[in-house]
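Inspection log for the structure reproduced underneath, given as structure tokens.
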Amino acid sequence: MAQVMIGNKPVGDGAPCYVVGEIGINHNGDLGIARRLMDAAAVAGCDAVKFQKRTLDVVYTAEELAKPRENPFGATNGDLKRGLEFGQDQYHHIQRYCGEKGMHWFASCWDEASVDFIEAFNPPAYKLASASLTDDNLLRHHKRTGKPLIISTGMSTLQQIDHAVEVLGTDNLIVLHATSAYPCKAEELNLRVIPKLKQRYGVPVGYSGHEVGLATTYAAVALGACMVERHITLDRAMWGSDQAASVEPQGLMRLVRDIRVIEAGLGDGEKVVYDSEVPIQAKLRRVG
């Protein structure tokens, strides 16, 4: 199975699991919070952080934006969405900051204009959210950038994923298994889909998790996920729709640390007698 290069890092079988800290909108419109989340990701050893970018008047109808919704930015859904959206100045800062940390960053773009906006920063890859999997025009617009594309597959049937892969082709493609519930129940994670997706598409397959806790994310790595994406937060009790299904800084450190331990423990699948076993063999085995 071919690997996909994200910047200078290979993703796929035989490469270290690529760990993405999904900041998304957990910065709550505050660049200072975003910086602290980037710090947490860098300290933990994440390979990348990810944001979300939308052109609000394209993604949402005027009626949706006008709906009443009390929030820190005003009284309508539009006030909230505008308050959470970063612009050029913030993304220039993000680019500089991640460069200083030696960490990749990229974004989930929800419309074509957002792809064009982020493309000006020359990201090493793009992420396509599960909600956008059936948007053929957006798929093709991403493909025209020539950058690696990571697609999440929550809320999607196999037939819908098949179609998206047909539109995109398998070059420079990474598929993430996901269940789009926030937070997601353990019994709906269905992690055994991961090896089935690898077999079906022959591309690197990872996992985008929205569950509470870390144990099932470790299981995804053991089942072959070559990329892991988890939402990150400074505090799961913070205001915001995605905070409760996110991982706090201490948990993020454990996540990356233990993924590396799991990778080492999985080995290469070839049964051997290790040098460390030989003295024990001599001591304890009675018959050759």
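Of all heavy-atom pairs spanning Pro195 and Leu223, the tightest one is CD-O, 3.9 Å. In terms of heavy atoms, Ser152 sits closest to Ser130 at CB-OG, 3.2 Å. The shortest heavy-atom contact between Ala125 and Phe106 is O-CB, 3.1 Å. Ile194 approaches Ala220 most closely through the heavy-atom pair CD1-CB, 3.7 Å.
The backbone N or O of Glu22 lies less than 3.5 Å from no partner atom in the side chain of Glu229, so there is not a single donor-acceptor pair. Remark: the backbone N or O of Val58 is not paired with any side-chain donor or acceptor of Asp111 at under 3.5 angstrom. A donor-acceptor pair under 3.5 Å is absent between the side-chain atoms of Gln199 and the main chain of Lys196, judged by distance alone. Looking only at distances, a side-chain donor or acceptor of Arg260 sits under 3.5 Å from a matching main-chain atom of Cys17. Remark: side-chain polar atoms of Thr179 are paired, donor with acceptor, to backbone N or O of Glu188 under 3.5 angstrom. The backbone N or O of Leu168 sits less than 3.5 Å from a side-chain atom of Lys143, completing a donor-acceptor pair. In this structure a side-chain-to-backbone donor-acceptor pair under 3.5 Å is present from Asn71 to Phe73. Listed for the Lys81 side chain is no donor-acceptor partner under 3.5 Å among the backbone atoms of Thr76. With hydrogens and angles ignored, the 3.5 Å screen pairs a side-chain donor or acceptor of Gln160 with a backbone N or O of Thr157. With Gln95 contributing its side chain and Phe121 its backbone, the two residues share a donor-acceptor pair below 3.5 Å.
With sequence neighbours left out, Ala15 forms a side-chain contact (heavy atoms from CB on, under 4.5 Å) with Gln3, Pro10. Residues satisfying the side-chain hydrogen bond (donor to acceptor under 3.5 Å, both in side chains) test with Glu112, not counting sequence neighbours, are none. Residues meeting the side-chain hydrogen bond (donor to acceptor under 3.5 Å, both in side chains) test with Asp258, sequence neighbours left out: Tyr218. Partners of His104 according to the side-chain hydrogen bond (donor to acceptor under 3.5 Å, both in side chains) rule, which considers only residues two or more places apart in sequence or in another chain, are Tyr18. A search for side-chain hydrogen bond (donor to acceptor under 3.5 Å, both in side chains) contacts involving Arg69 returns Asn77, not counting sequence neighbours. The salt bridge (Lys or Arg N to Asp or Glu O under 4.0 Å) test applied to Asp39 returns Lys101, not counting sequence neighbours. Residues that satisfy the salt bridge (Lys or Arg N to Asp or Glu O under 4.0 Å) test with Arg82, not counting sequence neighbours, are Asp79. Taking Val167 as the reference, Asp136, Leu139, Arg140, His163 meet the side-chain contact (heavy atoms from CB on, under 4.5 Å) condition, with sequence neighbours excluded. Every salt bridge (Lys or Arg N to Asp or Glu O under 4.0 Å) that Arg230 has, sequence neighbours left out, goes to Glu211. Listed by chain and residue number, Lys147 satisfy the salt bridge (Lys or Arg N to Asp or Glu O under 4.0 Å) test with Glu119 (two or more places apart in sequence, or in another chain).
For Thr233 and Gln243, the side-chain atoms include at least one donor-acceptor pair closer than 3.5 Å. No side-chain donor-acceptor contact under 3.5 Å links Ser132 and Asp135.
Within the structure, every pair that satisfies the ring-ring contact (aromatic ring centres under 6.0 Å, His included) test and touches residues 168-201, not counting sequence neighbours, is listed here: Tyr182-His210.
Hydrophobic clustering (side-chain heavy atoms under 4.5 Å, transitive across Ile, Leu, Val, Met, Phe, Trp, Tyr) keeps Met5 apart from Tyr126. Linking ILVMFWY residues whenever their side-chain heavy atoms come closer than 4.5 Å, directly or via other members, leaves Leu133 and Leu176 in distinct clusters. Placement of Ile6 and Val205 in two distinct hydrophobic clusters is found when ILVMFWY residues are connected by side-chain heavy-atom separations under 4.5 Å, directly or transitively. Placement of Met38 and Met238 within a single hydrophobic cluster is found when ILVMFWY residues are connected by side-chain heavy-atom separations under 4.5 Å, directly or transitively. At a threshold of 4.5 Å between side-chain heavy atoms, the hydrophobic network of Ile, Leu, Val, Met, Phe, Trp and Tyr places Ile174 and Met103 in two separate groups.
Using cut-offs of 30° and 60° on the angle between ring planes, the pair His93 and Tyr97 is parallel. Note: Tyr91 and Trp105 have parallel aromatic rings, judged against thresholds of 30 and 60 degrees for the angle between ring planes.
With a 4.5 Å cut-off on side-chain heavy atoms, Ile232 and Ile23 count as touching.
Within the model, atoms CZ of Phe86 and CZ of Phe117 stand 11.0 Å from one another, a figure rounded to the nearest 0.5 Å.
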Practice task
Could you please spell out the steps behind the side chain to side chain donor-acceptor pair (under 3.5 Å) verdict for Asp116 and His141?
Solution key: CA-CA 9 Å; Asp116 296 341; His141 202 74; 2.8 Å; yes
Would you be so kind as to tabulate the donor-acceptor pairs closer than 3.5 Å made by side chains of residues 270-284, with sequence neighbours excluded?
from, atom 1, to, atom 2, distance (Å)
Glu277, OE1, Tyr274, N, 2.7

